[in-house]
Asker: 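Input: one structure, supplied below.
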Amino acid sequence: VKPLSAPITVETLREYYASLGLTPSDAELAALVPEVQALYERADKIDAVLAREDAGPSVRVVRSPQ
Amino acid sequence: MSAVPQALEDLTIAEAAELIEARRISPVELTRALIERTQRIDPIVRAYITLFAEEALAEATAAEQAIITGGYRGPLHGIPISLKDLIYAKGSPTTGGSRVLPDFVPDHDAGLVERLRSAGAVITGKVHTIEFGYGAPEPPLPYPPPNNPWALDRTAGGSSAGSAVSLAARLVAGSIGSDTGGSIRIPAHFCGVVGLKPTYGRISVYGVLPLAPSLDHVGPMARTVEDASLILQVVAGYDERDPTSSRVSVPDYRAALSRSVKGLRVGIIREYLDDGTIDPEVRALVENALRVLESAGADVRRVDVPLLSEVEYGSPVLVSEGGASHLPLLRTRYDWYPPNQRRALLRGLAVPLVSYLQYQRLRVVMIARTLDVFETVDVLISPTLPIAANKHEEGWGPITRYTRLFSVLGFPALSVPCGFTASGLPIGMQIAGRPWDEATVLNVADAYQRLTEWHRRRPPLEVAEAKEAPA
């Protein structure tokens with residue numbers, strides 16, 4: 001799979017999805033550009049919440065709440 | 001032998017089980033009545049995708065024979081139960097409610113279906129789900145969305161709408177739904193039935209079409225809390241074929257129902273009740289329900305739950321896991337997907353890995369913070385949804401606003417009917433508990449239901465049936 005990297009454009013998305021074996025249309029790719037950009041912005045927000053909650057590296061991902 | 005006191009379709013599981021065990025009604029009689037009712041009513045409400053009429057009658061006959069010969073297996077023996085059509089039943093189509101899977105026939109039962117069959121339940125068929133349990137209805141629909149039995153021009157929500165509708169319309173006595181962000185509790189709220197999303201890992205999801213594996217749950221739906229507890233008793237427990245399944249012991253849920261709620265600490269989630277967008281009628285009904293619990297001795301208090309606004313950041317987890325789950329089908333049946341759902345799955349495939357992992361870390365923090373709240377309360381309560389059912393053409397509205405928190409946390413949460421709006425639409429109250437403590441959730445919901453009669457109301461479908469009938 002080809003890694004997806006900034007900037008998010010129709011072409012970078014096309015290459016990324018092609019590497020997954022998918023061929024979205026131009027219209028789909030154009031609609032996805034702002035949506036995928038928003039996902040990257042959201043990643044920054046989650047970082048900020050973790051920092052605010054002092055969730056350091058000792059917080060481990062677990063599968064269930066048991 | 002004295003007469004059976006009410007119409008067969010109105011019997012709860014607990015009532016029917018008592019009559020079956022005493023051989024006052026037979027599983028065949030009960031199943032035939034519900035199948036015949038389904039054939040009359042389902043064209044109006046559209047709960048079913050596939051009705052197992054002959055198979056169900058054969059299973060009922062087998063149950064009857066076993067019971068006659070002394071082989072009574074317990075409260076689900078001979079009880080008709082429907083399955084959301086994401087759940088495998090061996091040899092029968094599992095469509096996922098989608099145009100993408102018109103031809104998938106599993107060669108085995110889901111783990112929970114094995115348990116239902118072992119308990120002697122009669123599987124009546126597969127009921128409606130929005131496509132793959134994800135998103136809102138997107139025309140052209142392969143299976144038209146169910147109509148709300150309380151107002152046929154209104155939505156039953158989703159995604160386990162077929163389960164809720166089949167119960168409210170008295171087509172079955174119990175059902176199994178699934179819930180990734182609220183899909184059991186939402187249609188339960190809209191249709192005036194009980195829906196329980198248990199703790200993550202409590203019921204095996206082996207043989208259930210996945211959407212987002214770290215969020216997917218399956219759970220019982222019924223008209224009463226007692227019935228939901230009877231189903232949960234049978235389907236809960238470890239299954240080695242499901243890596244998310246837990247070995248935590250399964251208590252006696254029905255026994256927990258008889259406990260007093262006096263002194264039990266009930267926390268109402270302040271942010272949800274004071275949400276500026278909540279329908280005032282919904283708020284008033286939930287406040288009335290809290291007064292009922294107070295009258296039973298519960299200690300009701302308002303509490304703040306941390307990180308509620310951060311729940312929304314979880315949507316990339318759902319879409320990224322959904323994208324990964326669907327990638328093989330997207331590769332081979334790309335054009336078969338509805339466009340909006342396909343675009344959401346494509347978006348999910350582009351979620352940054354670091355974002356996915358950071359949110360999973362945030363979930364751990366959210367679990368810890370909410371467990372802190374459970375140091376001060378025994379259950380958390382909110383409206384299940386901020387609104388009553390919309391008309392079909394209005395769309396679903398903000399349906400996951402209060403439900404997705406407990407999907408993200410993996411804590412048990414149940415919707416119990418708590419009244420009707422002035423226009424006759426049911427409203428649900430959400431009751432959530434600590435991980436693995438379904439017993440307390442069921443206890444509180446059952447105590448409320450024993451003090452109220454909402455669950456005894458039935459939608460006026462016979463009027464609709466008469467209008468639909470040819471002149």
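A, B, ... follow the sequence lines: proteins, then strands. Residue 1 opens every chain.
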Asker: Relative to chain A, which segment of R369(B) carries a heavy atom at a distance below 4.5 Å: side chain, backbone, both, or neither?
Answerer: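 For R369(B), the contact with chain A is made by the side chain alone.
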Asker: Within this structure, what is the CD-NZ distance for the pair E312(B) and K45(A), rounded to the nearest 0.5 Å?
Answerer: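 That separation rounds to 7.0 Å.
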Asker: Closer than 3.5 angstrom, by distance alone: can the side chain of Y16(A) be matched with the main-chain N or O of L349(B) as a donor-acceptor pair?
Answerer: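 Checking the backbone N and O of L349(B) against the side chain of Y16(A), a donor-acceptor pair under 3.5 Å is found.
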Asker: Return the option, out of L330(B), L307(B), V351(B), with the maximum number of heavy-atom pairs under 4.5 Å with chain A.
Answerer: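 Going by pairs under 4.5 Å, I would pick L307(B).
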Asker: Please state whether the side chain, the backbone, both or neither of L4(A) comes within less than 4.5 Å of a heavy atom of chain B.
Answerer: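 Contact with chain B involves the side chain of L4(A) alone.
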Asker: Closest approach of L39(A) and R347(B), non-hydrogen atoms and distance?
Answerer: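 For L39(A) versus R347(B), the nearest heavy atoms are CD1-O, 3.4 Å.
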Asker: Counting N and O atoms only, with roles assigned by atom type, does the side chain of Y17(A) sit under 3.5 Å from a partner on the main chain of L346(B), one being a donor and the other an acceptor?
Answerer: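 Yes; judged by distance alone, with no hydrogens or angles, the pair exists.
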Asker: Quick check: closest heavy atoms across S315(B) and R42(A), and the distance to 0.1 Å?
Answerer: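 Scanning both residues, the minimum pair turns out to be OG-NH1, 2.7 Å.
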Asker: Under 4.5 Å, heavy atom to heavy atom: which of residues 332-345 of chain B reach chain A? Give them by number, or say none.
Answerer: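 So far as heavy atoms go, Y334(B), R342(B), R343(B) are the residues that approach chain A to under 4.5 Å.
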Asker: Supply the atom-to-atom distance L20(A) CG to R331(B) CZ, rounded to the nearest 0.5 angstrom.
Answerer: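 Here the rounded value is 6.0 Å.
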Asker: Could you have a look at P352(B), P306(B), P316(B), A368(B) and say which one has the most heavy-atom pairs with chain A under 4.5 angstrom?
Answerer: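 Option with the top pair count is P352(B).
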Asker: From the options L50(A), V49(A), D44(A), select the one residue that forms a side chain to side chain contact (heavy atoms under 4.5 Å, CB included) with Q358(B).
Answerer: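 Only one of L50(A), V49(A), D44(A) forms a side chain to side chain contact (heavy atoms under 4.5 Å, CB included) with Q358(B), namely L50(A).
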